[in-house]
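Below is one structure, written out as structure tokens, with a few remarks after it.
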Amino acid sequence: MLSNEEVTADGRSERGNFPVFRRPLTQWMMRITAYADRLIDDLDRLDWTESLKQMQRNWIGRSTGARIGFSVGDETVEVFTTRPDTLFGATYMVLAPEHPLVDALTADAWPDGTDPRWTGGAATPAEAVSAYQRQASRRSELDRQTEGRDKTGVWLGVTAVNPVNGRELPVFIADYVLTGYGTGAIMAVPGEDTRDWEFSEVFDLPVVRTVQPPADFDGGAYTGAGPMINSSNEEISLDGLDKATAIATITEWLIEHGHGEATTTYKLRDWLFSRQRYWGEPFPIVYDENGLPVAVPESMLPVLLPEVDDYSPKTFDDDDADSAPEPPLSRATEWTTVELDLGDGPKKYRRETNTMPNWAGSCWYYLRYLDPSDDEQMVDPELERYWLGPREDGDVGGVDLYVGGVEHAVLHLLYARFWHKVLHDLGYVSSEEPFRRLVNQGYISAFAYTDERGFYVPAAEVVEKDGRFFFEGNPVNREYGKIGKSLKNMVTPDEMIGAYGADTFRVYEMSTGPLEQSRPWETKAVVGSQRLLQRIWRVVIDEQTGAVRATDVEPDEDTLRVLHRTIAGVRDGVTTLRFNIAIARITELTNHLTSVYGAETPVPRSVAEPLVLLVAPLAPHIAEEMWARLGHDESSAWHPFPVADERWLVDDTVEVAVQVNGKVRAQVSVPADADTAALEAAARADERIAGYLDGATVRRVVAVPGRLVNFVLG
RNA sequence: GCGGGAGUGGUGUAACGGCAGCCACGCCAGACUUAGGAUCUGGUGCCUUCGGGCGUGGGGGUUCGAGUCCCCCCUCCCGCACCA
């Protein structure tokens with residue numbers, strides 16, 4: 001049993017990639033749809049990436065439009081449309097094959113002269129309908145994709161009446177109308193809808209344009225903007241109006257005449273919350289002798305899982321679409337049958353045997369982290385306010401920074417927002433959102449290689465020669481993709497930690513690029529990070545003796561400048577989550593120290609200690625070891641992180657570029673605080689620049705202190 | 001099709017609108033070594049007549065100045081996809 005969000009585009013399970021079948025069952029659902037508007041609207045108040053917000057918006061799929069009733073015989077069929085303005089262009093109507101009114105509407109016989117394309121070759125409408133329904137139900141999501149989008153359908157043998165102009169509209173069923181969205185029925189407007197146009201081509205249905213296409217338009221359906229045409233009856237005319245005005249006008253008319261109403265629909269479905277697994281929170285629900293559910297009272301909570309011999313869920317063949325799912329708990333009969341006094345005396349009850357999905361825990365664990373040992377309440381409200389509460393009016397609150405993969409976009413990240421809002425509404429939390437700021441880390445991917453037959457070969461055994469790649473002497477093609485067994489490009493953290501250590505592994509992963517970016521793993525490049533850590537070690541510790549090399553000598557000014565620039569750079573890199581920048585700055589400092597203080601010269605302690613502290617968040621193990629050897633009893637984590645001294649961030653003199661017409665022609669050295677006049681004077685004094693300016697008209701001089709001088713010649 | 005993101009050396013990447021390529025991998029050379037897949041030093045965008053010229057996917061624009069801002073196009077990646 002899975003929720004919609006857990007089913008992939010190919011109709012398989014997100015975890016395990018098993019085939020998924022649809023079956024009607026009675027299950028517990030969460031009314032997430034009641035929160036659809038707030039889940040969309042509050043996205044604007046979150047510090048999340050635009051793409052992730054957009055994924056949630058699309059998944060919730062809010063559309064505003066109108067519900068319109070069409071009479072078909074004695075029945076009224078409601079359709080949903082986002083384009084009520086095109087109502088005059090409706091020329092037929094389509095119901096989903098599973099629409100509940102289909103049987104009631106279907107005519108007894110085809111009228112004389114029925115187009116053979118409309119009957120599906122059946123003798124009667126009822127036969128055509130049942131044959132088509134059977135065919136549609138067999139078509140899985142995957143089939144629909146692979147079979148393309150050729151429009152199919154059959155006529156019910158009846159017509160509906162367009163309320164706005166009395167036009168008779170033939171009523172079809174077709175699988176391009178989905179039963180789960182809107183009302184499961186549409187008014188078809190081939191003139192302004194691409195899918196309706198395609199259907200009208202197959203079934204030879206009339207087209208009435210109601211939006212004037214541009215003069216040079218020669219396509220089918222016109223979905224762009226333009227003035228309304230062909231849209232009037234005795235009471236109302238939309239002709240000449242723009243889309244927004246036309247929608248407002250016709251909607252008002254429909255309401256006035258009782259033909260419809262303005263409405264909003266969502267793609268989001270309610271959330272199926274029952275699973276047939278042992279390992280999950282049991283529902284605090286029992287069923288009485290009439291089979292009606294009763295909530296277990298708070299005094300009897302929590303309901304704990306029973307000890308069982310067999311935890312495994314019942315397994316089925318991959319192609320077994322008919323078996324009923326069977327929860328493992330249903331076999332624990334001594335647990336499922338209980339006698340409880342729920343207020344009206346002891347009675348026998350049967351426990352709910354489904355369990356909750358993993359999301360039940362991930363939806364609130366971050367709240368529990370605030371108050372993990374509290375056995376009275378989920379979280380102390382004061383602690384929640386302190387850590388997650390809103391900081392000013394309109395602030396949604398939530399966790400300061402949440403780092404996670406984008407694969408949770410419409411799963412965990414949507415579910416947790418929903419739960420959090422429910423908890424907020426119930427008064428348990430002051431924050432309106434669980435995660436104030438969200439950063440998606442990129443995937444680490446890797447190169448993979450295929451031989452000439454197209455089979456993947458073990459990436460670790462491929463060798464490069466002159467820019468080409470070989471496996472066992474044979475040339476192979478290089479591809480790029482997710483790390484995994486199927487591409488034979490697996491690299492496990494354990495292997496890397498075994499070969500290089502956990503610190504090197506961390507530093508390498510952080511140094512290859514920005515956190516948010518996906519980037520390739522390259523095992524041969526890991527040595528770079530290992531060399532860096534080894535160089536840092538040798539700066540602080542004598543490799544031969546293990547003694548500390550740092551002494552109380554004074555660093556030279558140059559070293560102080562590099563140190564403080566490094567501190568500023570690392571702070572910047574760490575706070576902006578660009579760890580690659582922090583590591584580059586640390587590398588610069590290390591390279592500087594290696595070249596200035598060779599193997600023999602003692603390194604100033606006042607430089608070595610900040611270096612170790614800067615390294616500590618990135619490579620904690622080696623940093624702690626160095627910190628201890630430097631004579632500290634406590635972890636470096638308790639020591640304040642270094643702060644850059646402004647004094648050493650500015651140079652006395654700076655090199656500025658001198659440009660002539662935007663091209664760099666010279667470098668001049670000037671005092672760091674030289675003003676524009678001094679800059680220009682220094683630039684003019686340069687021999688080369690003087691040569692360029694000689695005899696030329698200087699039209700303009702742009703001097704930016706500390707940066708450059710640009711002479712614009714006329 | 002719709003939505004989101006990205007194109008910079010051989011590679012991963014870096015650059016408040018101000019000297020394109022920090023740092024690293026790789027490669028080249030040298031030093032030290034019995035040895036090197038160790039360490040250290042130097043070099044490494046392309047072209048060059050050695051003056052310099054050209055370079056951030058392509059084309060235009062704004063600006064004294066554009067990888068960065070604006071417009072058009074191309075390519076790639078990700079998400080959704082018959083959602084009325």
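Here is how names work: the chains are called A, B, and so on, in the same order as the sequence lines, proteins then strands, and each is numbered from 1. In what follows, every heavy atom counts, from backbone to side chain, and hydrogens, waters and symmetry copies are set aside. Just so it is clear, the model here is predicted, and its values are computed rather than measured.
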Legend entry - Whole-Å gap separating P (G55(B)) and NZ (Lys663(A)): 8 Å

Inset, instruction - Specify the residue among Pro520(A) and Thr81(A) whose closest nucleotide of RNA chain B lies further upstream toward the 5′ end. - result: Pro520(A)

I'd like a list of close polar pairs between nucleotides 68-75 of chain B and the protein, N/O only, cut-off under 3.5 Å.
none

Inset, instruction - Would you kindly check whether a donor in the side chain of Arg585(A) faces an acceptor in the base of C22(B), or vice versa, at under 3.5 angstrom? - result: yes

Inset, instruction - Calculate the interatomic distance between His592(A) atom NE2 and C23(B) atom P; express it in whole Å. - result: 14 Å

Legend entry - Same-atom distance (C1') from A38(B) to C78(B), integer angstrom: 43 Å

Legend entry - Over 12 non-hydrogen atoms of neighbours within 6.0 angstrom of NZ in Lys243(A): no

Inset, instruction - Taking only the side-chain nitrogens and oxygens of Arg688(A), find out if one of them lies under 4.0 Å from OP1 or OP2 of G51(B). - result: no

Inset, instruction - Kindly point out which of C23(B), G12(B), C16(B) is positioned nearest to the side chain of Thr587(A)? - result: C23(B)

Legend entry - Value in whole Å for how far the P atom of G1(B) lies from CH2 of Trp197(A): 19 Å

Inset, instruction - To the nearest Å, give me how far apart NZ (Lys267(A)) and C1' (G79(B)) are. - result: 11 Å

Inset, instruction - Return the value, rounded to whole Å, for the distance between atom OH of Tyr181(A) and atom C1' of C80(B). - result: 14 Å

Inset, instruction - Would you tell me if any nitrogen or oxygen in the side chain of Arg519(A) comes within less than 4.0 Å of OP1 or OP2 on C77(B)? - result: no

Inset, instruction - May I ask you to say what Thr82(A) touches in the nucleic acid, namely base, sugar-phosphate or nothing, with a heavy-atom cut-off under 4.0 Å? - result: sugar-phosphate

Inset, instruction - Compute the centroid of each ring, for Phe199(A) and then for Phe172(A), and state whether the two points are separated by less than 6.0 Å. - result: yes

Legend entry - Ion pair check, Arg62(A) and Asp41(A), cut-off under 4.0 Å: yes

Inset, instruction - Give the nucleotide from the list A84(B), C23(B), C19(B) with an atom nearest to the side chain of Val177(A). - result: A84(B)

Inset, instruction - Write down the distance separating the C1' atoms in C27(B) and A15(B), rounded off to the nearest Å. - result: 25 Å

Inset, instruction - Could you tell me whether the side chain of Trp59(A) reaches within less than 4.5 Å of the side chain of Leu268(A), counting heavy atoms only? - result: yes

Legend entry - Whole-Å distance separating the CG atom of Asp193(A) from the P atom of A84(B): 9 Å

Inset, instruction - Describe the nucleic acid contact of Val664(A) in one word from base, sugar-phosphate, nothing, applying a heavy-atom distance below 4.0 Å. - result: sugar-phosphate

Legend entry - Ile536(A) and Leu611(A), any side-chain heavy atoms less than 4.5 Å apart: yes

Inset, instruction - Kindly write out the residues that satisfy side chain to side chain contact (heavy atoms under 4.5 Å, CB included) with Asp193(A), not counting sequence neighbours, or none if the list is empty. - result: Arg195(A), Asp196(A)

Legend entry - Shortest side-chain distance from Arg665(A), nucleotide among C19(B), G53(B), G26(B): G53(B)

Legend entry - Rounded distance (Å) that lies between atom P of C22(B) and atom CZ of Arg565(A): 15 Å

Legend entry - Carboxylate-amine/guanidinium proximity below 4.0 Å for Asp572(A) and Arg578(A): yes

Legend entry - For Asp673(A), all residues meeting salt bridge (Lys or Arg N to Asp or Glu O under 4.0 Å), sequence neighbours excluded: none

Legend entry - Residues which pass salt bridge (Lys or Arg N to Asp or Glu O under 4.0 Å) with Arg209(A), listed by chain and number, not counting sequence neighbours: none

Inset, instruction - Between Tyr266(A) and Val410(A), just flag the one whose closest nucleotide in RNA chain B comes earlier from the 5' side. - result: Val410(A)

Inset, instruction - Indicate the ring-plane relationship of Phe505(A) and Trp521(A), choosing parallel, tilted or perpendicular according to the 30° and 60° boundaries. - result: tilted

Legend entry - side chain to side chain donor-acceptor pair (under 3.5 Å) partners of Asn489(A), counting only residues at least two apart: none

Inset, instruction - Flag the pair Glu516(A) / Asn440(A) as yes when at least one side-chain heavy-atom distance between them is below 4.5 Å, and no otherwise. - result: no

Taking only N/O atoms, report every protein-nucleotides 39-50 of chain B pair under 3.5 Å with atom names and distance.
{"from": "U39(B)", "atom 1": "O3'", "to": "Arg538(A)", "atom 2": "NH2", "distance (Å)": "3.2"}

Inset, instruction - Considering only atom P, compute the distance from G21(B) to U44(B) and round it to an integer number of Å. - result: 11 Å

Legend entry - Tyr692(A)-Phe711(A) aromatic ring centre distance below 6.0 Å: no

Legend entry - Span that lies between the P atom of G12(B) and that of G7(B), in whole angstrom: 12 Å

Legend entry - CD/Glu50(A): more than 12 non-hydrogen atoms of other groups inside 6.0 Å: yes

Legend entry - Contacts of type side chain to side chain contact (heavy atoms under 4.5 Å, CB included), residue Pro206(A), not counting sequence neighbours: Thr91(A), Arg167(A)

Legend entry - Separation of the C1' atoms in G57(B) and C77(B), to the nearest angstrom: 15 Å

Legend entry - Those residues that, when tested against Thr545(A), pass side chain to side chain contact (heavy atoms under 4.5 Å, CB included) (two or more places apart): Asp542(A), Ala547(A)

Inset, instruction - Using both pair distances under 3.5 Å as the test, note the stems of at least 3 consecutive Watson-Crick or G-U pairs that include RNA chain B. - result: B:1-7 with B:74-80, B:10-12 with B:23-25, B:26-31 with B:39-44, B:45-47 with B:52-54, B:57-61 with B:69-73

I'd like a list of close polar pairs between nucleotides 61-65 of chain B and the protein, N/O only, cut-off under 3.5 Å.
{"from": "C64(B)", "atom 1": "OP1", "to": "Arg700(A)", "atom 2": "NH1", "distance (Å)": "2.8"}
{"from": "C64(B)", "atom 1": "O2'", "to": "Asn710(A)", "atom 2": "ND2", "distance (Å)": "3.3"}
{"from": "C64(B)", "atom 1": "O2", "to": "Asn710(A)", "atom 2": "ND2", "distance (Å)": "2.8"}

Legend entry - Leu95(A) CG - A84(B) P separation (whole Å): 18 Å

Legend entry - P spacing across the pair G18(B) / C69(B), given as an integer number of angstrom: 11 Å

Inset, instruction - Measure the shortest side-chain to side-chain distance between Ser200(A) and Val207(A) over non-hydrogen atoms and say whether it is less than 4.5 angstrom. - result: yes

Legend entry - Sorted by number, the residues of residues 49-63 of chain A with heavy-atom contact under 4.0 Å to RNA chain B: Ser51(A), Gln54(A), Met55(A), Ser63(A)

Legend entry - Syn-anti status, with the boundary at 90° from 0, for the nucleotide G9(B): syn

Inset, instruction - Looking at every strand, decide which applies to Gln517(A) at a 4.0 Å heavy-atom threshold: base, sugar-phosphate, or nothing. - result: sugar-phosphate

Legend entry - Check: Met510(A) and Arg506(A) side chains under 4.5 Å, non-hydrogen atoms: yes

Inset, instruction - Answer syn or anti for G51(B), where the cut-off is 90° from 0 on the glycosidic torsion. - result: syn

Inset, instruction - With Lys151(A) as the cation and Tyr176(A) as the aromatic partner, state whether NZ or CZ is under 6.0 Å from the six-membered ring centre and within 45° of the axis. - result: yes

Legend entry - Integer angstrom distance from the C1' of A24(B) to that of C74(B): 32 Å

Legend entry - Ile40(A) side chain near Gln56(A) side chain, heavy-atom distance below 4.5 Å: no

Legend entry - Side chain to side chain, Met187(A) and Val189(A), heavy atoms closer than 4.5 Å: yes

Inset, instruction - Mind listing the residues from residues 572-583 of chain A sitting with a heavy atom below 4.0 Å of RNA chain B? Number order is fine. - result: Arg578(A), Asn580(A), Ile581(A)

